[in-house]
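Accompanying notes for the structure given below.
Each residue takes its place number in the sequence, starting with 1.
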Amino acid sequence: MNQPGQEPSPASDPARPANAVALKAEPDLRPISRRSRWLGSVIAVLALAGLGGLAWYLTHKPAATTAGATGPGGPGGPGGPGGPGARGGRGGPASTVGVATARQADIPLLIEALGTVTPVANVTVQPQVSGVLTQVLFKEGQMVKKGQVLATIDPQPFQIALDQAQGARVRDQAQLEAARVTLQRYQTLLGQDSIARQDVDTQAALVKQLEGTVAIDRAAEGTARLNLGYSRIVAPISGRVGLRVVDAGNVVSSGSTTGVAVITQVNPIDVEFAIPQDRVPEIQARVNSGARLPTAAYDRTRTVKLDAGMFSTLDNSVDTQTGTVKAKARFENAQGTLFPNQFVNVRLLLRTITGAVVVPVTALRHGPNGDFVYVVNEDHTVALRTVTRGEASVDNVAIASGLELGEQVVTEGGDRLKDGARVQTSVERPAGAASGGASGARGRRGARAASGAGLGASGGAGDDAGAGYAASGASGAFGHRRERGASGAAASGDAPASASR
């Protein structure tokens with residue numbers, strides 16, 4: 001029997017289950033009140049909000065410091081050059097640009113055109129007489145001199161014809177001498193009145209006839225001698241021989257169209273090109289003043305200079321289809337770098353502007369109000385400056401007015417700029433990028449640490465609400481285990497015990 005005021009034993013109380021003794025050893029878990037559960041939730045939310053704000057501050061403070069934030073209205077504040085705003089604007093972040101310094105230099109005015117190498121002379125050597133070739137004395141591609149023997153035709157027929165002409169001339173010459181002697185005798189007799197005047201006149205006509213015959217014989221002899229000379233085919237000009245089209249033993253004639261050889265003069269050589277008709281007056285003025293216009297020939301890529309020469313002449317009319325005038329320049333071509341019919345790039349130096357203020361061509365921009373450039377100020381902002389352009393070369397352009405020597409202008413990245421925008425050069429960018437990356441890494445590490453701490457704190461708060469333990473994240477895990485144990489115990493029979501109490 002149990003004493004009054006004592007708890008009934010398990011054995012004496014038939015209403016308690018058999019395992020009630022084992023559950024008695026567990027601590028008594030009191031029901032969780034709604035107030036405690038609400039308080040734990042508030043504490044967890046406040047902790048998460050605080051840690052989130054700390055993470056945001058750690059990740060955004062270095063960027064603001066790099067941008068130069070000093071307060072509202074300052075360089076980094078709202079409305080300042082480094083404050084919030086569009087990229088490249090007054091309040092946007094600094095844009096990375098390429099810059100160049102305005103300098104004083106000479107601007108060569110060049111006329112560039114596509115030209116064709118044209119030989120000064122291109123001759124097809126044809127035989128002057130017909131006959132059989134006995135010798136071919138040149139090689140393909142050989143450089144020959146004027147008067148050099150290229151081939152020979154069998155000379156025997158021409159030598160025989162010469163001998164015949166010489167014999168006829170000697171015969172007729174003897175007859176002429178005899179007629180002259182007879183005429184002299186007749187004139188003596190006529191002076192003595194011993195002969196009729198008719199005989200004297202007839203003899204004089206015979207002498208003149210024989211003189212004409214002798215003249216014809218001399219011409220025939222010259223023709224035969226000339227044909228004999230033509231049996232030796234010589235080079236009419238100096239130049240380069242092309243491919244051979246005949247061989248020894250071939251019969252050639254003066255009417256042949258292919259000829260014996262083709263000789264092209266390559267030293268010197270001309271280049272023919274076209275220039276715009278607007279440049280013709282200036283070129284004519286320079287030529288009439290006695291100036292010599294240097295001309296250079298470049299290869300297809302415009303990187304290798306083949307040869308240098310001088311401007312020669314202009315054509316006498318404008319091509320109405322292209323609006324250009326053909327021009328010609330002469331090159332010595334001592335090294336043989338220019339080849340006939342070769343396409344080359346021609347650069348004609350018209351004149352040179354000395355002492356001009358020049359900037360790269362990429363720095364000059366065009367707007368509705370004319371040409372302008374972006375000038376970089378000392379405070380790393382840009383100012384839109386209207387300028388007057390002058391002559392331009394391939395790389396540089398002269399600025400006639402609006403820009404001073406030593407000023408820096410934007411050459412790259414100007415498409416996204418506005419007047420007053422903040423900029424940084426490509427040289428300054430790596431240091432800023434490195435510091436920004438390091439601060440970002442620190443911010444990310446701080447954010448991860450804060451997030452981990454928040455998870456631990458929230459776990460602890462949840463454990464306080466579920467099992468009554470106010471501990472850290474590690475004790476929160478223990479609280480989870482205790483809560484699962486308590487819930488299991490309640491499911492197995494703790495609820496009836498509470499009801500009995």
Side-chain angles (χ1 to χ4, degrees), residues 120-139 142-239 241 244-263 265:
V120 177
N122 189 27
V123 179
T124 300
V125 181
Q126 294 183 349
Q128 300 297 312
V129 293
S130 300
V132 179
L133 284 177
T134 57
Q135 287 181 316
V136 177
L137 304 176
F138 67 90
K139 296 181 180 179
Q142 178 184 351
M143 297 296 296
V144 297
K145 299 293 184 180
K146 182 178 180 179
Q148 181 178 340
V149 179
L150 302 178
T152 59
I153 301 175
D154 186 6
Q156 294 181 2
F158 308 103
Q159 183 65 48
I160 293 173
L162 177 60
D163 295 340
Q164 289 177 351
Q166 289 177 345
R169 178 185 60 80
V170 172
R171 180 195 61 195
D172 294 338
Q173 185 71 35
Q175 292 177 358
L176 176 61
E177 293 296 332
R180 285 176 179 174
V181 171
T182 302
L183 177 61
Q184 185 176 6
R185 290 174 183 173
Y186 283 177
Q187 290 176 347
T188 302
L189 293 174
L190 181 61
Q192 297 176 359
D193 198 16
S194 299
I195 191 175
R197 179 173 293 276
Q198 182 179 1
D199 296 337
V200 176
D201 294 340
T202 301
Q203 189 63 31
L206 180 61
V207 170
K208 290 183 178 181
Q209 180 180 358
L210 292 175
E211 287 177 353
T213 302
V214 171
I216 294 174
D217 293 339
R218 288 176 179 172
E221 182 183 358
T223 301
R225 185 176 286 108
L226 184 61
N227 290 336
L228 180 61
Y230 282 154
S231 65
R232 300 171 66 252
I233 303 175
V234 298
I237 60 173
S238 299
V241 180
R244 189 171 63 182
V245 295
V246 294
D247 297 313
N250 293 141
V251 177
V252 295
S253 61
S254 58
S256 174
T257 58
T258 58
V260 175
V262 178
I263 302 177
Q265 184 176 349

Would Glu211 and Lys208 pass as an ion pair if we require N to O under 4.0 Å?
no

Taking Ser253's backbone N and O only, do any of them form a donor-acceptor pair with Ser256's side chain (distance below 3.5 Å, no angle check)?
no

With a cut-off of 6.0 Å (strictly less than), are more than 12 heavy atoms of other residues, nucleotides or ligands near CD of Gln198?
no

Approximate separation, where rounding is to 0.5 Å, of Arg169 CZ and Arg218 CZ:
6.5 Å

Taking C-beta and beyond as the side chain, do Pro236 and Val125 meet within less than 4.5 Å on heavy atoms?
yes

Begin with the C-alpha distance, continue with both residues' side-chain angles, and end with the deciding distance and a verdict on side-chain contact (heavy atoms from CB on, under 4.5 Å) for Val245 and Val262.
CA-CA 9 Å; Val245 295; Val262 178; over 6 Å; no

Could you grab the distance from atom CZ of Arg225 to atom CG of Asp163, nearest 0.5 Å is fine?
10.0 Å

Smallest separation among heavy atoms of Ala261 and Val241, with atom names
CB-CG1, 4.0 Å

From the list Leu183, Thr182, Leu176, side-chain contact (heavy atoms from CB on, under 4.5 Å) with Arg180 holds only for Leu176

Main-chain N/O of Lys146 paired with Ser238 side-chain donor or acceptor, under 3.5 Å
yes

Check this for me: Glu177, atom CD, are more than 12 non-hydrogen atoms of other residues, nucleotides or ligands nearer than 6.0 Å?
yes

Could you walk me through whether Tyr186 and Thr202 pass side-chain contact (heavy atoms from CB on, under 4.5 Å), step by step?
CA-CA 10 Å; Tyr186 283 177; Thr202 301; over 6 Å; no

Say you draw a straight line from CD of Gln184 to OG1 of Thr188; how long is it, rounded to the nearest 0.5 Å?
6.0 Å

Qualifying residue for side-chain contact (heavy atoms from CB on, under 4.5 Å) with Pro155, from Ile160, Leu228, Leu162:
Leu228

Taking all heavy atoms of Gln126 and all of Gly259, pick out the closest pair and write down the distance.
CG-CA, 3.9 Å

Return the CE to CD distance between Met143 and Gln148, rounded to the nearest 0.5 Å.
10.5 Å

From Asp154 CG over to Gln159 CD, what is the distance, rounded to the nearest 0.5 angstrom?
11.5 Å

Which heavy atom of Ile263 sits nearest a heavy atom of Ala235, and at what distance?
CD1-CB, 3.7 Å

Quick one: closest heavy-atom pair of Ser130 and Ser254, and the distance?
OG-N, 3.7 Å

Enter the distance from Gln173:CD to Thr213:OG1 here, rounded to the nearest 0.5 Å.
11.0 Å

Set out, in order, the CA-CA distance, both residues' side-chain angles and the distance that settles side-chain contact (heavy atoms from CB on, under 4.5 Å) for Leu150 and Leu137, then state yes or no.
CA-CA 5 Å; Leu150 302 178; Leu137 304 176; 5.9 Å; no

Quick one: does any side-chain atom of Gln203 pair with a main-chain N or O of Ala179 as donor and acceptor, under 3.5 Å?
yes

Please report the shortest heavy-atom distance between Val129 and Ser231, naming the atom on each side.
CG2-N, 4.3 Å

In short, Asp247 meets Val136 closest at the heavy-atom pair C-CG2, 3.9 Å

Residues Thr152, Ile233; criterion side-chain contact (heavy atoms from CB on, under 4.5 Å); working and verdict
CA-CA 6 Å; Thr152 59; Ile233 303 175; over 6 Å; no

